[in-house]
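Written out below as structure tokens is the structure these notes cover.
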Amino acid sequence: QKEVEQDPGPLSVPEGAIVSLNCTYSNSAFQYFMWYRQYSRKGPELLMYTYSSGNKEDGRFTAQVDKSSKYISLFIRDSQPSDSATYLCALISSGSARQLTFGSGTQLTVLP
Amino acid sequence: NAGVTQTPKFRILKIGQSMTLQCTQDMNHNYMYWYRQDPGMGLKLIYYSVGAGITDKGEVPNGYNVSRSTTEDFPLRLELAAPSQTSVYFCASRHGRVGGNTIYFGEGSWLTVV
């Protein structure tokens, strides 16, 4: 079993739709949770970062963490064609080097 | 503000050749990482460093070597390139202090081994 599971998609939605992206994890040592967005032929860029259970909102984006279920989500409201990218969840454990463990990424296309 | 800079961006290697991917950061970050990304596989950690002179293996270190002689630079060496090393390579860095969990990535290096 992978430490972090993420549905690879691809996911295609019409402009304006609400998008839900999800990851599950198996190791309770993960304490920090991030979402990265990666455009084609670019490096990942940090979108959202949280370390506690609950919701964190930033504009059209909401990150949700449920540590009891080991489940994290990213919601995108009013999705735009510019949101078309691959979204990667990334988790950090409380280990010494705080390595990131990535999900495999979900490829999202928002159709105009 | 350059951030994390990787060179080269694209390279084609023949089987058995060697090369070095360069990575430098100007943010005075302690932690640096090399990841490889294969289609549909997410990012896998090759090597990481928690400071100058200190390196350690990640998940997929075989066929690679690193060094960290300065805080700024973290080159990745490929010895005896193999087709399995065809991938996109990302260098990343992080400050390392409490609250400094944001990892910054370079633009990537596309490597093809033929």
Side-chain angles (χ1 to χ4, degrees), chain A residues 1-11 21-25 27 29-52 56 58 63 65 72 85-108, chain B residues 2-7 9-10 21 23 25 29-51 54-61 66 68 74 87-111:
Chain A
Q1 183 188 7
K2 289 182 181 178
E3 280 194 291
V4 181
E5 299 274 2
Q6 182 176 7
D7 186 343
L11 182 62
L21 305 167
N22 310 295
C23 287
T24 59
Y25 62 96
N27 188 350
F30 287 126
Q31 298 294 320
Y32 304 90
F33 308 92
M34 303 177 181
W35 285 94
Y36 279 80
R37 178 175 60 194
Q38 185 177 22
Y39 291 114
S40 180
R41 295 196 167 271
K42 295 290 186 181
E45 55 178 343
L46 182 66
L47 198 57
M48 298 285 286
Y49 164 57
T50 185
Y51 56 87
S52 59
K56 181 177 181 180
D58 183 1
V65 175
I72 63 173
T86 296
Y87 290 81
L88 299 139
C89 63
L91 290 71
I92 299 181
S93 72
S94 51
S96 60
R98 303 224 171 156
Q99 304 166 25
L100 251 63
T101 300
F102 284 88
S104 56
T106 300
Q107 185 179 344
L108 171 67
Chain B
V4 180
T5 303
Q6 291 179 233
T7 56
K9 193 163 180 72
F10 301 99
L21 298 176
C23 176
Q25 51 91 10
H29 284 174
N30 296 315
Y31 289 15
M32 294 189 75
Y33 307 85
W34 273 106
Y35 288 89
R36 62 176 285 172
Q37 186 176 34
D38 301 310
M41 299 296 290
L43 289 108
K44 295 194 181 299
L45 182 65
I46 305 171
Y47 270 95
Y48 66 95
S49 168
V50 300
I54 306 169
T55 63
D56 209 344
K57 296 177 181 179
E59 186 181 357
V60 289
V66 293
R68 185 95 182 271
F74 190 43
S87 188
V88 184
Y89 292 84
F90 289 100
C91 180
S93 72
R94 179 172 73 85
H95 193 283
R97 291 185 180 173
V98 174
N101 283 325
T102 301
I103 293 188
Y104 297 87
F105 284 85
E107 292 280 281
S109 296
W110 272 255
L111 176 67

Side chain, backbone, both or neither of [X] within contact of chain A (heavy atoms, under 4.5 Å):
X	value
B/Leu43	both
B/Lys44	neither
B/Tyr89	neither
B/Gln37	side chain

Could you tell me whether the side chains of B/Ser87 and B/Asp38 share a donor-acceptor contact shorter than 3.5 Å?
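Indeed, the side chains of B/Ser87 and B/Asp38 share at least one donor-acceptor pair under 3.5 Å.
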Under 3.5 Å, is there a donor-acceptor pair between the A/Gln6 and A/Thr106 side chains?
yes
Counting only heavy atoms closer than 4.5 Å, note whether A/Glu45 contacts chain B via side chain, backbone, both or neither.
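Looking at A/Glu45, nothing touches chain B.
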Tell me whether the rings of B/Tyr31 and B/Tyr33 are parallel (<30°), tilted (30 to 60°) or perpendicular (>60°).
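The rings of B/Tyr31 and B/Tyr33 stand perpendicular, inter-plane angle above 60°.
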Tell me every residue that passes salt bridge (charged side-chain N to carboxylate O under 4.0 Å, His left out) with A/Lys42, counting only those two or more places apart in sequence or in another chain.
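Partners of A/Lys42 under the salt bridge (charged side-chain N to carboxylate O under 4.0 Å, His left out) test: B/Glu107.
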Would you indicate whether B/Lys57, at its atom NZ, is surrounded by more than 12 heavy atoms from other residues, nucleotides or ligands within a distance under 6.0 Å?
no
